[in-house]
Amino acid sequence: MGYDAFGLPAENNAIKTGVHPRDATNQSIGAFRHWFHRWGISIDWSREIASHEPSYYRWTQWIFLRMFERGLAYRKEAAVNWCPNDQTVLANEQVVDGRCERCGALVEVRQLEQWFFRITDYADRLLDDLDRIDWPRHVKTMQRNWIGRSVGAQVVFRCEELEIDYPVFTTRPDTLFGATFFVMAPEHPDVFKLAAGTEHEHAVHEYVNKALNESVEERGAAEKPKTGVPLGRTVTNPVNGEEIPMFVADYVLMEYGTGAIMAVPAHDERDFAFAQVYRLPIRRVVGTDEELPYTGDGPIVNSSPLFDGMHNRRAYEAIVHWLELEAKGRPSVNYRLRDWLLSRQRYWGCPIPVVYCERDGIVPVPDADLPVALPDVEDFQPKGRSPLAAATDWVNTTCPSCGGPARRETDTMDTFVDSSWYFLRYCDAHNDQAPWDRQVLDGWMPVDQYIGGVEHAILHLMYARFFVKALADMDLLGVQEPFEALFTQGMILGPDGHKMSKSRGNVISPAPIVDRFGADAARAYVLFIGPPDQDAAWSDTGVEGVERFLARLWRLGDGLADGTEDPAGAVPRPAEQPPSPEGSGLFLVRKANWAIDKVTRDMTGRFAFNTAIAAIMELVNEVYRHMDADLEARRFATATAASLVFPFAPHLGTEVYEMLTGERVWEQPWPEPDPAMLQADTFQLVCQINGKVRDRVDAPTGAPREELERLCREAPNVRAHLDGHEIVKIIVVPDKLINLVVR
RNA sequence: GCGGGCGUGGCGAAAUCGGUAGACGCGCCGGCCUUAGGAGCCGGUGGGCCCAGGCCCUUGGGGGUUCAAGUCCCUCCGCCCGCACCA
């Protein structure tokens, strides 16, 4: 068990109530412990950890320093996402539709110096290794889209007037001859320099200022009409020497590629839209008479005698090769993924272990001085800088390098840093010499089966993969992937089918549920409600049904144990397969063995807990329907149901099992089916004519084809349907069905 | 727009490899037990015919492959999720 304890919820609560986040967090942890115990959730408490404790975040800081040493943690000024409500910067991954993932406020863009993790160095490995892990396809797809690898070429366009080269990235070098203008992002550092002294200087300033003040949401709207202004300069198209006009336009993004593009309006929808607004020339270079813009394949036209007539896919290769020879371009790969912005201007997080020295600049805190403890402050209110800045005694320190005066970093880390390595700490939770012992880690890692909500698909699950790869490169661990297999479970929704929330008033809280139905019924119901990868609405009548089932099982056990059903029941005896059951008893023993097999396969193979529980219900129902069966068979079937139900309803499973057998179910091995009891000596032969079921007859298991045919032809309803028809073909599925094809 | 997923009774769902559609549970109907039943036990329950033996229809719509399709293929419709001016 572990608690991802740092973060905004505890801090915002502190701002509202004045309770220190540490106190509120520890209280919450106490409540979690209490409820885990009441629900009977059985886990290894000896490895309990919490990310807000110095014994944990000391090692978060230690890992940060290892990243820093290798240049994987660095500081840079960049256009970053700023949440005006939470008063902190956010990672790209935490901005959803232009809004703060946490509070929903419109995110602004600010130019700030911040700490980043160089996750982009790992883009290819994060992409490629997805093929090696057993994860749901949709999660892999989401990660692939997020990384957004594009293969293309970098091509240099030169502005002769200012003698500056502008490389651009394109995925379509085959359309280079169709470039009729050139566009730069408003954030491009050269925009003002280019416009200076031209007639457009004023307009460019106005346009750029307006663009920079737009929110992320406004700027990103896909259906927004294209806008831009000319820069009054030209660049030379390297493939044909043409001078094409330069523009600044907000549909070009500074963060992707080089912040400048070659525009090919005939073969790109965005460039086409822009060219229409500004009446710019549109020149087809691919295809024959398809409507423009045309983004498909076809022969190259209007380009150069070297390439005209060539299929554009081949021309792509040829043109890139030509660019390389001429030193005007080269193959290039671009990613949508950005570096992970990890600093936050908030209090309740892991302090970043560096100091700023006037003489030595950024100086890491030595390992021996870790942890850099989070100091207490009075005021948690965010003011655009970390509340830690107010702790002047803590901020002012000495430089570990020169001993001179220095200031501590006051930003804290994104909580996703804390959670990117907790599974490693579980392996060696109390190690106070190192984050973990490599030998111990090698024994446990990787995680065989990870379970979580799909909301982590690109946040936690990408960050944790990055951490493991970076740590593997430092030889600190021996695996490339943290989570071998992933299962994304659904959510229990409120009774109205909506996500539980206080504002909707549809929250089902655990206390009254456990009081009313018991922890066992509540747990078993949550698993019985449907497939675990699906969301499901809570229903009181549903849980009553499961409660009824558990009570039925309990009464069976009780009756057999107290002597009302079984006079010898007062003496518990181990659950054993009865040696030679007959009649109803044989039926029950077979049913019990069937249930063992079914439950085992459903649970382990595919997490189908709903059908596993249904199988135990069937077994219990059959015992009730066969009270005439001999006692041994009923005892065995009931004890088997108790041990199978134990993972879902541990308290009741334990009790029923112990009443009958005198043994503790968790000390017994998981039951195994007797293979001889998994198959009956007869089966119901399904008799089809032309694929329609016409009759069912009992047939001996393993009977030869000829005998099944005979039995089928003799079945009364089959005979009726065969009358006057000729059998042209007979399909036999052994021990299952027979299909007579007739004319 | 691109990518992924889903669509089965009144409801939650099952059908695991192309082989009996609707297991199990909820709800509903009936019976037993009971002073009583909001307890328990037993039975019924997709729709429509019916000579009571059966027959026809049915897995979002349409088409196809096959002896056989909820399952495979094509197509259309609807819903959900992710990404989205990424050059």
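Bear in mind the structure is a predicted one, so any value in this text is a computation, not a measurement. We name chains A, B, ... by the order of the sequence lines, and we start the count at 1 in each one.
- C17(B): glycosidic angle within 90° of 0, hence syn.
- Counting non-hydrogen atoms under 4.0 angstrom, E255(A) reaches nothing in the nucleic acid.
- What separates CG of L708(A) from P of C67(B) is a distance of 21 Å, to the nearest Å.
- By the 4.0 Å N-to-carboxylate-O rule, E269(A) lies too far from K226(A) to be salt-bridged with it.
- E93(A) and Y463(A) form a side-chain donor-acceptor contact under 3.5 Å, judged by distance and modelled atom types alone.
- One cannot find a donor-acceptor pair under 3.5 Å joining the base of C83(B) and the side-chain atoms of N145(A).
- With a 3.5 Å ceiling on both atom-pair distances, C17(B) lacks any Watson-Crick or G-U wobble partner.
- Considering only side-chain N and O atoms, K692(A) lies under 4.0 angstrom from the phosphate OP1 or OP2 of C57(B).
- Of the residues near RNA chain B, K736(A) and V546(A), the one whose nearest nucleotide (by heavy atom distance) lies more toward the 5' end is K736(A).
- Counting only heavy atoms from C-beta on, Q684(A) has its side chain closest to U20(B) among U20(B), A87(B), U16(B).
- Side-chain proximity of R694(A) to G3(B), C83(B), C55(B): nearest is C55(B).
- For the OP1/OP2 pair of C83(B) and a distance below 4.0 Å, the side-chain nitrogens and oxygens of R144(A) include no atom meeting the criterion.
- Counting any heavy atom pair closer than 4.0 Å across all strands shown, P716(A) reaches no nucleic acid atom.
- Between R313(A) and D174(A), no side-chain nitrogen of the basic residue sits less than 4.0 Å from a carboxylate oxygen of the acidic one, so the salt-bridge criterion is not met.
- The phosphate of G5(B) (OP1 or OP2) has no side-chain N or O of Q534(A) nearer than 4.0 angstrom.
- Relative to the side chain of M617(A), the nucleotides G3(B), G19(B), C24(B) differ in distance, and C24(B) lies closest.
- Phosphate proximity of A14(B) to N610(A): present, with a side-chain N or O under 4.0 Å from OP1 or OP2.
- Taking the nucleotide of RNA chain B with the nearest heavy atom to each of R172(A) and R137(A), the more 5' of the two is matched to R137(A).
- The side chain of H721(A) approaches G54(B) more closely than any other nucleotide in the set G54(B), U16(B), C26(B).
- Residue-level contact check: Y525(A) touches neither bases nor backbone, having no heavy atom under 4.0 Å from any strand.
- Within the nucleic acid shown, D602(A) comes within 4.0 Å of at least one base atom, counting heavy atoms only.
- Protein atom OH of Y251(A) is 9 Å distant from nucleotide atom C1' of C85(B), rounded to whole Å.
- Look at R606(A) and you'll find a side-chain N or O under 4.0 angstrom from OP1 or OP2 of A15(B).
- Remark: R719(A) does not engage E714(A) in a salt bridge, criterion side-chain N to carboxylate O under 4.0 Å.
- For V693(A), the listed nucleotide lying nearest its side chain is U20(B); candidates were A87(B), C26(B), U20(B).
- Contact annotation for L737(A): base contact, defined as any heavy-atom pair under 4.0 Å involving a base atom.
- The I261(A) side chain lies nearest to A87(B) when the options are U20(B), G40(B), A87(B).
- Tested against M142(A), the residues I147(A), I458(A), L461(A) include a single side-chain contact (heavy atoms from CB on, under 4.5 Å) partner, I458(A).
- Nucleic acid contact class of G148(A) (heavy atoms, under 4.0 Å, all strands): none.
- In a base pair of the Watson-Crick type (N1 to N3 plus N6-O4 or O6-N4) or a G-U wobble (N1-O2 and O6-N3), with each distance short of 3.5 Å, U45(B) is matched with G27(B).
- Spacing between atom CG of D558(A) and atom C1' of G40(B) amounts to 14 Å, rounded to whole angstrom units.
- With G12(B), U20(B), A84(B) as the candidates, the nucleotide lying closest to the side chain of F528(A) is G12(B).
- Following rounding to the nearest Å, D533(A) (CG) and C6(B) (P) show an atom-to-atom distance of 10 Å.
- Rounding to whole angstrom units, CG of residue L527(A) and C1' of G12(B) are separated by 14 Å.
- Checking the phosphate oxygens (OP1, OP2) of G43(B), a side-chain nitrogen or oxygen of R625(A) falls inside 4.0 Å.
- The cationic atom of R158(A) (NZ for Lys, CZ for Arg) does not lie both less than 6.0 Å from the six-membered ring centre of Y166(A) and within 45° of the ring axis.
- Atom CD in E547(A) sits about 17 Å away from atom P in G38(B), given to the nearest Å.
- Classified by its glycosidic torsion, G53(B) falls in the anti category, the angle being over 90° from 0.
- For V733(A), whose side chain is taken as the heavy atoms from C-beta onward, the closest listed nucleotide among G19(B), C26(B), C67(B) is G19(B).
- Heavy atoms of V264(A) sit nowhere under 4.0 angstrom from any nucleic acid atom.
- Nearest to the side chain of R696(A), among A14(B), C85(B), U20(B), sits U20(B).
- Proximity note for N717(A) (side chain, C-beta onward) versus G4(B), G54(B), C42(B): the nearest is G54(B).
- Summarising the geometry, the separation between NZ on K140(A) and P on C81(B) is reported as 24 Å, rounded to the nearest angstrom.
- Note on E544(A) versus R516(A): salt bridge recorded, some NZ/NE/NH1/NH2 to OD/OE distance being below 4.0 Å.
- One atom, CZ of R336(A), and another, P of A87(B), lie 10 Å apart when rounded to the nearest Å.
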